[in-house]
Amino acid sequence: MDKLVIRGGKRISGTIAASGSKNSALPVIAATLLAPDGNFTINRIPDLQDVRTFSNLLEYLGAEISFADNVLQVSTANLKSVEAPYELVKKMRASIYVLGPLLSRIGHTRVSLPGGCAFGPRPVDLHIMAMEKLGARIVIEKGYIDAQVIGSKLRGARIDFPISSVGATGNALMAAVTAEGTTILGNAAIEPEIECLCHFLQKMGANISGVGTTTLVIEGVDRLHAVAFDNIFDRIEAGTLLCAAAITKGEITVTGLNPHHLDAVLKAFAEAGCTVTTGFDSITLAAPDKLKPTDVTAKPYPCFPTDMQAQWMALMTQAEGVSNITDKIYHERFNHIPELNRLGARIDIRENQAVVHGPQVLTGTKVMSTDLRASACLVLAGLVAGETTEVLRVYHLDRGYEKIERKLTALGADIERVKYQELS
Ligand code: UD1
């Protein structure tokens, strides 16, 4: 296995380009299943374990894929399976994104239920509800979702999501674009990654209106075609790099992104005393001498993202006072707290709220990654901790951050990747 060894105390400063977004790349790749002929070229695909896992799933289904220099080429002309097996789905929950496209194109699919995850239960009932509304018969058996179109084609329907779900909105969109008639998605997720998926589907020939709003109206079309497309940049990676500068009293410019995708996070940085300036496609952040405490609550976009909550907590361990951090999306997403406390942080949990008592002097030791963003949080803590921090099990980090140690090294960090064996 790999670990990251960080000798803290170095200031993060400089200019760095954001990588392509993982959370838009996955549904976009899934949507290629909707075009029965032609070759897709998708640019700015981050070279990440999750992208490789998803590509393996598509190859299992029969797609031909090549991936080099962040360009993914896909043809899904010759599909040979409609099953997303447990062995692949268990590696990545986002595999459920093949449900909508396969149902739409083939009329039948079997997708393994993803199971739990490191930060609590993550049901897929809304994905299933959406497929049923569009005219699929769903049977759950032996850990699989077996979905079959009733009749010859999916039929447009009104689907009101009781809570905002990125994944269920994406799946419903991909199922609806070639359904017969009109589909209306109410309380649809408006995350930039869903907007990106809509733009991709529109370029393929889909008829979607209301993009960027909570009501999406889809007029089904007969056929979609392969296209070339530029993926968007990763707002969570960008936010994490901004945190790296803020926690080390540094100054950073992250380029190549839409700053508005980070509005809520930039507002929190400003409240923490950072000086933030935005350009057309860049964000510059200069850290203050003393960070101020902040209260943030993670909620669906455009609010503060749950995927930045752990990194924000690492930052707030250095603020002068008490910060409150609440996660309204994943109430139990607090696995990073015991590890941060092992580094010397003082964080309590009170009724689903983390109370961070800052500032605390952190001192490096061995800490364990438990999920993707928790790993990022520990790397950030390591950047400011005294002595050496070893972040073990970085395979979690590799799922979502492209070349993170190279990027941080270029910005001044003392960080290296080392192979190790865990004691059994
Ligand atoms: C996506 C992101 C993930 C992010 C999350 C919330 C990808 C690949 N992953 O995950 O990084 O943390 O959005 O912004 O894009 N829910 C249900 N039933 C369902 C589906 C969801 O109850 O069928 C609940 C979830 O448990 C959660 C909330 O809805 O509490 C939002 O989850 P959702 O937006 O669906 O997350 P994902 O799409 O899985």
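Every number for a ligand or one of its atoms is a count from 1 in the order of the listing. Hydrogens, waters and symmetry mates are skipped; everything else that's a heavy atom, side chains included, is used.
Looking at Thr389 and Leu343, their side chains come closer than 4.5 Å, going by heavy atoms from C-beta outward.
On a distance-only criterion, Lys22 and ligand 1 share no N/O pair closer than 3.5 Å. Geometrically, ligand 1 and Ala168 share no nitrogen or oxygen pair separated by less than 3.5 Å. For a threshold of 3.5 Å applied to N or O pairs, the pair formed by Ser165 and ligand 1 contains at least one separation below that value.
In plain terms, the two heavy atoms of Ser369 and Ser375 that are nearest each other are CB-OG, 3.1 Å.
Heavy-atom proximity to His127, at under 4.0 Å, picks out these atoms of ligand 1: 23 (O). For ligand 1, the atoms closer than 4.0 angstrom to any heavy atom of Thr306 are 6 (C), 12 (O), 14 (O). Close contacts between ligand 1 and Arg333 involve ligand atoms 12 (O) [criterion: under 4.0 Å to a heavy atom]. Taking every heavy atom of Gly167 and a limit of under 4.0 angstrom, the matching atoms of ligand 1 come to 35 (O), 38 (O).
The shortest heavy-atom distance from Gln309 to ligand 1 is not under 4.0 Å. Under a 4.0 angstrom heavy-atom cut-off, Ser164 registers as being in contact with ligand 1. Within the structure, the closest approach of Ala189 to ligand 1 does not fall below 4.0 Å when heavy atoms are considered.
The existence of a salt bridge linking Arg333 and Asp307 is confirmed by a sub-4.0 Å separation between a basic side-chain nitrogen and an acidic carboxylate oxygen.
Heavy atoms of Tyr330 found under 4.0 angstrom from ligand 1 belong exclusively to the side chain.
When the options Asp50, Val166, Leu372 are ranked by their closest heavy atom to atom 33 (P) of ligand 1, first place goes to Val166.
The aromatic rings of Phe40 and Phe200 sit tilted relative to each other, their planes meeting at an angle between 30° and 60°.
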